[in-house]
Amino acid sequence: MKRNGETKRRRNVAEEAEQGGEDPAMWENLDRNFIQVQSVLDRNRSLIQQVNDNHQSKMADNMSKNVALIQELNGNISKVVSMYSNINTKFSSAFHGGNNGHEGGGGGAGTRAN
């Protein structure tokens, strides 16, 4: 779910990147990746709430449902770690002469000289 402030901030970041000679596609890709991570984190929040509700009910059926919910939560945590690792790799390569942080990227247009 995008808020107006987030949309404005994203637009400003892309505009600043263009003006600064950086690759706006890299920033857009980075933004998309963070949105995907946030989606999984939101799902985890929902799973945790369901687990808590089931636990508080103390009903055997609900408690047994927690096994599958916790397994999904565990898998999602691994997924988030992997997603952040990929974001880190793409971001680092973009600033060190890689593929600008997105697939099919060209050369060093988004690189910085230190």
Side-chain angles (χ1 to χ4, degrees):
M1 168 169 66
K2 287 187 182 179
R3 295 179 192 94
N4 286 336
E6 285 181 50
T7 303
K8 236 184 245 184
R9 179 192 58 78
R10 289 184 180 123
R11 205 174 304 125
N12 289 341
V13 168
E15 288 169 3
E16 288 173 16
E18 272 185 54
Q19 292 169 358
E22 296 171 4
D23 185 2
M26 180 206 54
W27 291 107
E28 291 169 12
N29 186 47
L30 190 63
D31 193 46
R32 268 193 309 278
N33 287 318
F34 279 119
I35 290 170
Q36 290 173 343
V37 168
Q38 187 61 51
S39 174
V40 176
L41 293 173
D42 290 342
R43 174 64 181 155
N44 285 356
R45 182 182 308 123
S46 174
L47 289 169
I48 290 168
Q49 186 60 53
Q50 289 175 34
V51 168
N52 286 334
D53 291 346
N54 288 345
H55 183 73
Q56 288 175 354
S57 77
K58 298 187 190 301
M59 294 175 56
D61 187 45
N62 286 345
M63 299 289 268
S64 66
K65 289 178 184 176
N66 278 354
V67 174
L69 295 174
I70 292 170
Q71 287 173 339
E72 181 180 348
L73 184 60
N74 188 42
N76 286 351
I77 291 169
S78 296
K79 190 183 299 185
V80 167
V81 168
S82 176
M83 293 168 92
Y84 273 129
S85 176
N86 289 338
I87 289 170
N88 180 45
T89 300
K90 289 177 183 180
F91 188 76
S92 293
S93 68
F95 283 92
H96 297 293
N99 67 357
N100 295 335
H102 57 88
E103 288 72 27
T111 60
R112 291 183 182 222
N114 290 338

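Since the model is a prediction, treat every value here as computed from it, not as a measurement. We count residues from 1, following the sequence as given.
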Is there side-chain contact between [X] and [Y], with heavy atoms separated by less than 4.5 Å?
{"X": "Asn86", "Y": "Met83", "value": "no"}
{"X": "Glu72", "Y": "Arg43", "value": "yes"}
{"X": "Leu69", "Y": "Asn54", "value": "yes"}

Gln49 versus Asp53, side-chain donor and acceptor atoms under 3.5 Å: yes

Side chains of Asn52 and Gln56, donor plus acceptor under 3.5 Å: no

Residues forming a side chain to side chain contact (heavy atoms under 4.5 Å, CB included) with Ser39, sequence neighbours excluded: none

Which residues share a side chain to side chain contact (heavy atoms under 4.5 Å, CB included) with Gln71, sequence neighbours left out: Val67

Test log, rule side-chain contact (heavy atoms from CB on, under 4.5 Å), inputs Val37 and Ile87: CA-CA 10 Å; Val37 168; Ile87 289 170; 3.9 Å; yes

Spatial distance of atom CG (Asp61) from atom CE (Met63) [nearest 0.5 Å]: 11.5 Å

Flag, side chain of Ser92 to backbone of Thr89, donor-acceptor distance under 3.5 Å: no

Backbone of Ala25 reached by a side-chain donor or acceptor of Asn29 within 3.5 Å: no

Answer yes if [X] and [Y] sit in the same cluster of Ile, Leu, Val, Met, Phe, Trp and Tyr residues linked by side chain heavy atoms under 4.5 Å apart, and no otherwise.
{"X": "Leu41", "Y": "Leu73", "value": "no"}
{"X": "Phe34", "Y": "Val40", "value": "yes"}
{"X": "Tyr84", "Y": "Phe91", "value": "yes"}

Residues 74-82, side-chain donor-acceptor partners within the protein, below 3.5 Å, at least two apart:
unit_1, atom_1, unit_2, atom_2, d
Asn76, ND2, Asn44, OD1, 2.9
Ser78, OG, Asn74, O, 3.4

